[in-house]
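Read through the structure below, which is laid out as structure tokens, and then see the notes.
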Amino acid sequence: MTRPRPLAVVGPTAVGKSALALEVARPLDAEILSVDSMLLYRGMDIGTAKPTPRERAAVRHHLIDVADPSEAYTVARYQADARAALAAIAARGRRALLVGGSGLYLRAVVDDLRFPGTDPAVRLDLEVEGAIVGAPALYRRLADLDPVAAGKIEPANLRRTVRALEVAAITGWPFSTFAAAWERYPFDAVRAAGVTMAPDALRDRIRRRVEAMLDAGWLPEVQGLMDRGFGGWLTSTQAIGYAELAAHLEGRTSLEEAVDATVRRTRNLARRQLAWFRRDPRIRWFHAGPEGAVGVAAEVRGYLEGG
């Protein structure tokens, strides 16, 4: 029997995806699989707008609170864990509803993407070589080895040139063989609804959400993480707002400065998320009003039910 393709609700941060997902998942008899790189971490709840225990009890969620903030949780690990969750959901006879704002994580689940690892020694050798001979010379080496990959990299971009050569060295395969899958968007892999709203409305929602998070106890949450070593953790410290509030708690910035920086970074994130998702032709877009994505729940549910 053919397994039904997963469903998805995606869009920029603060648009109201979590509330929409709850409205959609129940009538579809679906379980929610998070496609968010920060909901993975335990103890980072308020600042990541993590679904509440009550919401997670109402609809089963996956890939939330699966790692400690001190862990380096890679997209390759996420891919393996998410696909295992998809198989378990299907085995229970349920639909999977992928929900979040990470286009990379969505594609890691539904598309045939491979994520080659890294070798620090190989990378260091290439970086040293690049520093000695220069980026153009290293680029010419890549062009001889993998002209397809070289054609998509600027000759002066040493970082990307090093990465392409590193992958070839540690896998034995040209970097372009891994990159080719990124250009394919198979429509039978996912049925996705995207939600957005007018830029002014989204900017206002972002500001109000940051203020609501502070009222809900975000500062004490950050202080607790700092007491456990936050600052030396590689991946989780990328979460917007946590580094800014940590700087305030250490006396390096005012609270107003920390809030402004958090709002600014969140708005930039929303623009990047939309730009990423706009490249995916499989996504059907729905435009919500200032009340948020839940206002288009009926339309989104109707579209997803067609899958």
Side-chain angles (χ1 to χ4, degrees), residues 6-39 45-52 54-56 58-59 61 64 95-103 105-106 190-216 218 239-241 259-307:
L7 311 173
V9 170
V10 299
T13 186
V15 79
K17 297 182 298 294
S18 296
L20 170 63
L22 291 172
E23 292 293 321
V24 169
R26 283 186 286 255
L28 292 176
D29 196 27
E31 298 180 19
I32 293 174
L33 194 158
S34 169
V35 286
D36 186 291
S37 61
M38 292 301 161
L39 298 189
D45 303 331
I46 296 171
T48 61
K50 189 174 292 178
T52 66
R54 177 177 294 181
E55 290 169 337
R56 291 155 67 181
V59 175
H61 286 63
I64 293 178
R95 297 297 300 269
L97 179 64
L98 281 55
V99 180
S102 172
Y105 276 43
L106 174 69
V190 65
R191 188 173 181 85
V195 183
T196 186
M197 62 175 54
D200 288 347
L202 185 58
R203 285 194 292 267
D204 182 60
R205 282 179 64 88
I206 288 171
R207 166 70 68 172
R208 287 189 284 112
R209 189 173 76 158
V210 169
E211 294 170 350
M213 288 172 172
L214 289 169
D215 291 341
W218 195 5
I240 291 175
V259 169
D260 287 344
T262 298
V263 170
R264 184 166 57 250
R265 281 188 66 199
T266 305
R267 289 172 175 171
N268 290 338
L269 171 64
R271 283 193 290 270
R272 292 196 304 272
Q273 289 172 318
L274 274 172
W276 180 294
F277 286 127
R278 293 289 191 192
R279 293 195 294 267
D280 193 329
R282 297 169 295 189
I283 298 173
R284 169 81 62 86
W285 287 96
F286 297 84
H287 294 270
E291 74 280 3
V294 73
V296 293
E299 299 169 61
V300 169
R301 184 172 65 247
Y303 171 67
L304 295 177
E305 284 175 336

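Just so you know, residue 1 is the first one in the sequence shown, and it goes up from there.
With sequence neighbours excluded, no residue forms a salt bridge (charged side-chain N to carboxylate O under 4.0 Å, His left out) with Arg209. Scored by the salt bridge (charged side-chain N to carboxylate O under 4.0 Å, His left out) test, Lys50 finds Asp45, Asp65 as partners (sequence neighbours excluded). With sequence neighbours left out, the salt bridge (charged side-chain N to carboxylate O under 4.0 Å, His left out) criterion links Arg284 to no other residue. Shown here are the side chain to side chain donor-acceptor pair (under 3.5 Å) partners of Arg278, two or more places apart in sequence or in another chain: there are none. Partners of Arg282 under the salt bridge (charged side-chain N to carboxylate O under 4.0 Å, His left out) rule, at least two apart in sequence or in another chain, are Asp111, Asp280.
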- request: Please test Leu22 against His61 for side chain to side chain contact (heavy atoms under 4.5 Å, CB included), starting from the C-alpha separation and ending with a verdict.
  value: CA-CA 10 Å; Leu22 291 172; His61 286 63; 4.1 Å; yes
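Counting heavy atoms from C-beta on, the side chains of Leu98 and Tyr105 never come closer than 4.5 Å. The shortest distance between side-chain heavy atoms of Val259 and Val210 falls below 4.5 Å. For the pair Leu274/Pro12, a side-chain contact is recorded, criterion being any heavy-atom separation below 4.5 Å from C-beta on. Between Trp285 and Val195 there is no side-chain heavy-atom pair separated by less than 4.5 Å.
Between Ser34 atom OG and Leu97 atom CG the span is 11.0 Å, to the nearest 0.5 Å.
Of all heavy-atom pairs between His287 and Val296, the closest is O-CG1, 3.7 Å. Of all heavy-atom pairs between Lys17 and Val9, the closest is CD-O, 4.3 Å. The two residues Val35 and Gly100 make their nearest non-hydrogen contact at CG2-N, 3.4 Å. Heavy-atom minimum distance, Leu202 versus Ala270: CD2-CB, 4.0 Å. In this structure, Ala239 and Arg265 approach most closely via the heavy-atom pair O-NH1, 4.4 Å. The nearest pair of heavy atoms linking Val24 to Ala297 is CG2-O, 4.2 Å.
Proximity of a side-chain donor or acceptor of Glu55 to a complementary backbone N or O of Thr52 within less than 3.5 Å is detected. Of the possible polar contacts, one joining the Arg191 side chain to the Tyr303 backbone as a donor-acceptor pair under 3.5 Å is found.
Note on residues 289-301: no pairs pass salt bridge (Lys or Arg N to Asp or Glu O under 4.0 Å), not counting sequence neighbours.
Both tests hold for Arg279 against Trp276: distance to the six-membered ring centre under 6.0 Å, angle to the ring axis within 45°.
Under the 4.0 Å criterion applied to side-chain N and carboxylate O atoms, Asp260 and Arg207 are assigned as salt-bridge partners.
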